[in-house]
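Read the structure below first, then the notes.
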Protein chains: 2
Amino acid sequence: MSRGAVRVAVDIVIFTLREGVLHVLLIRRGVPPFKDKWALPGGFVEEAESLDAAALRELEEETGVSDVYLEQLYSFGDPKRDPRGRVLSISYFALLSSERELRSGTDTADARWFPAYDAPRLAFDHRKILDYALVRLRYKLEWTTVGFELLPKKFTLTELQRVFEAVLGRQLDKRNFRRKILKLEILRALDERRRAGVQRPARLYMFSATVFEKLRGRGMIFPF
Amino acid sequence: MSRGAVRVAVDIVIFTLREGVLHVLLIRRGVPPFKDKWALPGGFVEEAESLDAAALRELEEETGVSDVYLEQLYSFGDPKRDPRGRVLSISYFALLSSERELRSGTDTADARWFPAYDAPRLAFDHRKILDYALVRLRYKLEWTTVGFELLPKKFTLTELQRVFEAVLGRQLDKRNFRRKILKLEILRALDERRRAGVQRPARLYMFSATVFEKLRGRGMIFPF
DNA sequence: CCAAAAGTGTTGGTTTTACACCCATGG
DNA sequence: CCATGGGTGTAAAACCAACACTTTTGG
């Protein structure tokens with residue numbers, strides 16, 4: 001093995017919202033090391049594959065979805081992080097909108113959604129990776145538009161507020177939240193409403209990507 | 001070569017301030033590929049070395065300094081980014097305080113400081129790395145205390161303002177800047193003054209790390 | 001007394017926070 | 001008519017941006 005030659009894996013922190021709670025997808029390892037322990041989904045980077053491509057491929061393999069929000073997080077390179085030998089982990093985080101239906105095989109005994117703020121012990125240094133992803137997600141939520149990635153295309157303002165609350169872990173004032181979001185002018189109010197039970201139907205909105213650049217100009221998009 | 005085995009390099013964007021202008025250290029490559037072209041300092045990660053340790057080692061080799069601000073930036077893994085074969089680049093950025101004296105050998109024909117916003121063509125994908133580092137530095141400057149890393153321990157408010165102006169690339173209002181910085185309560189005013197020419201001597205300040213946690217609590221420290 | 005940079009306050013506009021009630025709907 | 005979540009405004013405080021003159025020093 002020549003100088004600097006190591007194996008490179010991608011590990012993905014896949015977030016979604018279920019019943020208003022932020023969840024993360026974990027896989028139960030079938031082989032040592034850490035057999036039967038929960039771990040982040042991931043795998044080795046192939047020969048001629050970019051890191052992003054490897055992350056997308058793993059994501060597709062685990063969940064059956066493509067075309068999702070995916071962003072590189074951090075690279076973990078402690079020589080002892082994997083007992084099998086030197087494995088570099090390039091971590092990513094992904095956001096799945098809650099409407100997405102995942103391949104069967106997700107959410108079985110060996111692949112389950114866990115509340116992100118209440119995950120079990122994890123293999124390797126995956127706890128560190130998860131914590132890092134949570135920090136990043138919280139910050140990006142407030143400074144970028146990633147929040148929308150956790151929702152279906154059409155959503156109500158209350159649903160959007162629930163996303164913010166689930167990620168930030170605190171309650172927000174309904175009036176202030178709405179004022180702030182609407183002032184950004186990044187939502188398109190639709191003529192549709194959603195009947196969601198016995199109460200007054202809520203207006204639906206869409207994220208309006210055409211004004212994305214507006215925000216960038218105002219320094220509101222965080223370029224990481 | 002087993003699946004996923006690649007060589008791993010660290011490349012470091014080393015910033016400093018010279019005469020009020022943000023500079024970056026570049027190395028002229030002595031061997032192919034890109035012989036005689038300017039490139040970011042860097043090198044391969046050793047067998048049993050963490051990524052951070054590799055970056056620190058390279059930094060020390062190039063500049064002779066240790067104990068500097070260093071932070072991982074991003075990992076670039078395009079399979080074609082290095083014509084010699086697959087080389088993953090873990091990029092870092094470092095901030096050197098302007099008082100630091102560097103090893104001789106820095107700032108020679110083969111290692112030179114260039115204005116960061118006016119660097120020559122770079123080898124590999126190093127231009128992308130540099131651009132990324134500049135974006136990151138600008139953001140961190142406004143949301144964290146990294147700005148102090150570019151200054152000596154004791155500095156005047158005007159010097160601090162020059163750092164902000166050099167990085168952000170725009171003029172700031174002296175009164176507003178001072179008010180804002182002082183309100184953070186992260187500076188300790190010293191009893192010393194600096195005589196810097198014919199004019200009125202300026203009060204010296206130190207960064208007061210003991211109040212760092214205050215800022216964190218107020219969400220003012222950006223955790224990347 | 002001149003040149004040079006240090007130092008210092010006010011005002012108007014915008015943003016943020018805290019806070020409570022009526023509305024539309026289905027059962 | 002009741003239960004449920006949808007929807008709306010206002011006032012006080014904090015924050016931000018624009019703006020100009022006096023002070024201290026050395027020569």
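Throughout, a chain's letter reflects where its sequence line sits, starting with A, and its residues are numbered from 1.
Read 5' to 3', the first and last nucleotides of DNA chain C with an atom closer than 4.0 Å to a heavy atom of chain B are dA4(C) to dT10(C).
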Before giving the answer on salt bridge (charged side-chain N to carboxylate O under 4.0 Å, His left out), spell out for R162(A) and E165(A) the whole-Å C-alpha distance, their side-chain angles and the decisive distance to 0.1 Å. CA-CA 5 Å; R162(A) 295 279 170 272; E165(A) 290 175 339; 3.0 Å; yes
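Contact annotation: T158(A) does not reach the phosphate of dG5(D) (side-chain N/O to OP1 or OP2, under 4.0 Å).
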What nitrogen or oxygen pairs link the protein and nucleotides 16-20 of chain D at under 3.5 Å?
| residue | atom | partner | partner atom | Å |
| --- | --- | --- | --- | --- |
| dA18(D) | N7 | N176(B) | ND2 | 2.9 |
| dA18(D) | N6 | N176(B) | OD1 | 3.0 |
| dA18(D) | N6 | R179(B) | NH2 | 3.2 |
| dC19(D) | N3 | R175(B) | NH2 | 3.2 |
| dC19(D) | N4 | D173(B) | OD2 | 3.2 |
| dC19(D) | N4 | R175(B) | NE | 3.3 |
| dA20(D) | N1 | R175(B) | NH1 | 3.4 |

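Note on E192(A) versus R203(A): no salt bridge recorded, every NZ/NE/NH1/NH2 to OD/OE distance being 4.0 Å or above. Ionic pairing of R138(A) and E142(A) is not present here: no N-O contact between side-chain nitrogen and carboxylate oxygen is shorter than 4.0 angstrom.
Distance, R193(A) CZ to dG7(D) C1': 10 Å, rounded to whole Å. Put simply, CZ on F177(A) is 18 Å from P on dG5(D), counting in whole angstrom units.
As judged by a 4.0 angstrom heavy-atom cut-off over every strand, R203(A) is placed among residues touching the sugar-phosphate backbone only. Counting any heavy atom pair closer than 4.0 Å across all strands shown, T156(B) reaches no nucleic acid atom.
Using a 4.5 Å cut-off on side-chain heavy atoms (C-beta onward), V13(A) and Y92(A) make no contact. Residues P201(A) and R195(A) are in side-chain contact: their nearest non-hydrogen atoms beyond the backbone lie under 4.5 Å apart. When side chains are defined from C-beta on, L22(B) does not count as touching P115(B), because their heavy atoms never get closer than 4.5 Å.
Taking the side chain of Q199(A) as heavy atoms from C-beta on, and the options dG7(D), dT23(D), dT4(D), the nearest nucleotide is dT4(D).
Two residues, V198(A) and A202(B), neighbour DNA chain C, and the one matched to the more 5' nucleotide by heavy-atom proximity is A202(B).
Between F148(A) and F155(A), the ring-plane angle classifies as tilted under the 30° and 60° cut-offs.
The backbone N or O of I27(B) sits nowhere less than 3.5 Å from a side-chain atom of R112(B) that would complete a donor-acceptor pair.
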